[in-house]
Amino acid sequence: MVNTKIIRQRESLPVFPYRQEIVDAIKNEPLLVVIGETGSGKTTQIPQYILESFPEYRLIGVTQPRRIAAITVANRVSEEHGSRLGDDIGYCIRFDDCTSSRTRLKYMTDGVLLREATIDPRLGHYDAIIVDEAHERTLETDVLFGLLKETHRLRPELKILVMSATLNVEKFSDFFNSCPIFVIPGRTYDVAINHHRDAKISSLKSTYVQRSVETALYIHTQEPPGDILVFLTGQNEIEKACRDLEDLDRDLNYKTDVKYYEDVKGLVIYPIYATLETMEQKAIFDDPPRYTRKVVFATNVAQTSVTIPGIKYVIDSGFVKQKTYDPTTGMDALLVVPISQAAATQRAGRAGRTASGQAFRLYSRESYEQMEADTVPEIQRSSLLGTVLSLKKMGINDIINFEFIDPPDPAMVKNALKQLFLLEAIDDTGKLTTLGNEMSIFPLSPFLSRVLIASARQYECSREVVIIVAMLSVEEIFITPRNVEKQMDADEKRKEFYHPSGDHMMLLNIFEKFRDSGYGRDWCRDKYFNYRALSMAKSIRDQLRELMEKHDLPLVSCRLKNYQVKDDGRQRKKRRNSYQDVKYNVETMLESFSSSYYINLAKRHPHRPVFYHYASATGPGSESIDSNSSLLALHISPTSALHPDNKVVRVDDLDWVTYHSVLYTNKALMKVVSKVKLEWVQERLGLFKKLAVANLDGSYGKSKSENNMHGNTDEDNDNKVDSVMIDAQEVKNQDDEKKRKRLEVIEAARQRALARKSITNQD
DNA sequence: GAGCACTGC
């Protein structure tokens, strides 16, 4: 039966009048860019137009950056289409494939399509691919762009559509052979922009939280009714801003202080950030009580992922917290940086969703004009380790001449090649090895894929290691309560999971206790663990096990044979290994991890509880430490079992550790640290030397830490290893000025970390 | 000092 209401709704969308034109364009053009603002209906309608107008198409794929979007849009469209979800129209996200052999329209995350492409780079199942929300420029979207361009050469009959909001998209058309751009007028309201008279962005860095609060109070007292959305950068300052505004509100005399007091008689204040446990709660998204104004202090979640309805005023601090990979140290830096003009426009737009509104920028117009036009795409800020491995797997050996819409910095490519070589995923000619080929089957960081394979093929402990690997693949599992008492309770409860070897075994302990609890939500709440994260770890473990089975990787346990459980359930110690663990052969597990993480080996300072990255410390720079040899002091994260305050192990007993990752803000913190023996890694450290040769010809950029990374030379390998690195030097230099600015920010952070003077000389 | 923005396979 035809549902007239749905038809009327579909026909009322801004995109509807262009239906025939769009269909014609698709008929005539293999490549097409479509621009349409939120609410134009492009995401739900254009795929349906194709479905209806091209019955010969077997499969149409539509990518989204987020899982939730793929699900909700597929639901909506299948409803409009009058079919059951998973029949004609379905979606596919990790852990949840809701498609069937009948499915002709498939919504999916861009990551899913990318993984499909590693198996079939021609994407032979598809007759049309639509990359939606392209302006977000996720790492996956950018890689897909390059692949699709290549696929277009091989399969010109494949229809490729790029859909984007209206943010500087000529670039997309330029990239795709100057293809036509189709513009769908939007349906948004005017937003008046108020810049601060003279505030420079540089002077705001220490004051923007306070100024945001003051501006919110100003709007509240002087402007007509309407809710306020404030963009800040992180959890701590959001909580502080909420408290400060509450205090100010308490002191208000509404009758005298508030201009529109007849309509504005109160204030409700909410924080919102992604890790907020109560984010699912509806109150933030509901209308506030009558005569009450709502203020929401938000991170960037409110810029892209969640929409808070009814916002009339936006306050833009001008800052965002952004993660940038530092290829010279191989570490991530999480830093507060000024936003781009595009981001500022997007933030302001949040005030015009349902009616006209106003944006208050805490920075001057001049500062706005000095901002970067666009946010640096993720591909230029991320480690390319996994990306390069996938590309190699697809047979794209020459990463350099691969067409990226915005090519990553050569140093990033070089860093990825180095690390892949150290993981033995590529050989000294840059070619994928058998091991590398096997590593690419797992949806994991190549470091972890390597560990998993080692645990299965070499160390016979894969049944346990697969759990730890899954735990390392999820977001933060510890919840830190704001309340001081609860925080102490959380710290206390964490102790039961500690293991003297460190955090990898702690993660195994946590997962096993979680499993014993029946994967209970209540158990997580009691122990202050993030249930969402632990559930995700379980799903990942299951998926990894399936993949291992499919690819004949044995699942073996390192549970000690003579370990027994007494009748009363208590454990009886029969055999001890060096960690006194009664259940497992801990050493084999840690040796598995060492097969990758010898790259992240750190040695303790002789007199202080700080560590130095081994490969940096043994480079030529170590002989005479000057201001340029960036030896970063690595601190153990407070959440680590090995942190000195936790007193699980004496600092003097820690000589060598490996860590899973380092993130620096003001200082460099090692996350997930375990004690290792040098003998486990000694042999593998030789790979650094092999790598060193490649650098001798100096053909690569002359960054400082370049030298730090390498040990002695080995002329025998000179010619062979060169080619590992040869690609990168040929990458054409992009906008140097932009790049320099970006590097300056990271460099400043590194200098700050260094300035904490935990390092001077190695005694 | 002692803390991490946001996604995703």
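All chains are named by letter (A, B, ...) in the order of the sequence lines, taking the proteins before the strands, and each is independently numbered beginning at 1. None of these values were measured; they are calculated from a predicted model. Quick note: numbers below take in every heavy atom, side chains included, and nothing from hydrogens, waters or symmetry partners.
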Checklist entry - Of A:Lys671 and A:Arg66, whose nearest nucleotide on DNA chain B comes first from the 5' end? => result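 The 5'-side residue here is A:Lys671.
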Where the side chain of [X] is concerned, which of [options] is the nearest nucleotide?
X        : options             : answer
A:Lys667 : B:dC6, B:dA2, B:dC4 : B:dA2
A:Thr109 : B:dA2, B:dG8, B:dC6 : B:dG8
A:Pro443 : B:dC9, B:dC4, B:dA2 : B:dC9
A:Arg67  : B:dG8, B:dA5, B:dT7 : B:dG8
A:Ser305 : B:dA2, B:dG3, B:dC6 : B:dC6
A:Thr480 : B:dA5, B:dG3, B:dT7 : B:dG3
A:Leu669 : B:dA5, B:dG3, B:dA2 : B:dG3

Distance, rounded to the nearest Å, where [X] contributes [atom1] and [N] contributes [atom2]:
X        : N     : atom1 : atom2 : answer
A:Tyr273 : B:dT7 : OH    : C1'   : 19 Å
A:Arg347 : B:dC6 : CZ    : C1'   : 12 Å
A:Leu448 : B:dC9 : CG    : P     : 17 Å
A:Glu136 : B:dT7 : CD    : P     : 10 Å
A:Glu237 : B:dC4 : CD    : P     : 12 Å
A:Tyr91  : B:dC9 : OH    : P     : 12 Å
A:Met536 : B:dG8 : CE    : C1'   : 9 Å
A:Arg381 : B:dG8 : CZ    : P     : 16 Å

With heavy atoms under 4.0 Å as the rule, sort [X] into base, sugar-phosphate or nothing.
X        : answer
A:Ile93  : sugar-phosphate
A:Val112 : sugar-phosphate
A:Gln235 : sugar-phosphate
A:Glu476 : base

Item to check | Side-chain donor/acceptor of A:Gln487 to base of B:dG3, under 3.5 Å | outcome: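 Yes.
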Ignoring backbone atoms, test whether [X] places a side-chain nitrogen or oxygen under 4.0 Å from the OP1 or OP2 oxygen of [N].
X        : N     : value
A:Lys323 : B:dT7 : no
A:Thr138 : B:dG8 : no
A:Arg115 : B:dG8 : no
A:Thr304 : B:dT7 : no
A:Thr639 : B:dA2 : no

Item to check | A:Glu492 with A:Lys527: basic N within carboxylate O range, under 4.0 Å | outcome: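 Salt bridge absent between A:Glu492 and A:Lys527.
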Checklist entry - Is it the case that A:Arg361 places NZ or CZ above or below the six-membered ring of A:Tyr368, under 6.0 angstrom from the centre and within 45 degrees of the axis? => result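 Judged by the rule, A:Arg361 and A:Tyr368 form a cation-pi pair.
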Checklist entry - Is the ring centre of A:Phe172 less than 6.0 Å from the ring centre of A:Phe145? => result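 Yes, ring centres under 6.0 Å apart.
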Checklist entry - Have A:Ser674 and A:Asp503 got a donor and an acceptor in their side chains that come within less than 3.5 Å? => result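 There is no such pair (donor and acceptor under 3.5 Å, judged by atom type) between the side chains of A:Ser674 and A:Asp503.
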Checklist entry - A:Phe404: what forms a ring pair (Phe, Tyr, Trp, His ring centres under 6.0 Å) with it, not counting sequence neighbours? => result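 For A:Phe404 the ring pair (Phe, Tyr, Trp, His ring centres under 6.0 Å) partners, ignoring immediate neighbours, are A:Phe402.
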Checklist entry - With A:His135, which residues qualify under ring pair (Phe, Tyr, Trp, His ring centres under 6.0 Å), at least two apart? => result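 Ring pair (Phe, Tyr, Trp, His ring centres under 6.0 Å) list for A:His135, sorted by chain: empty.
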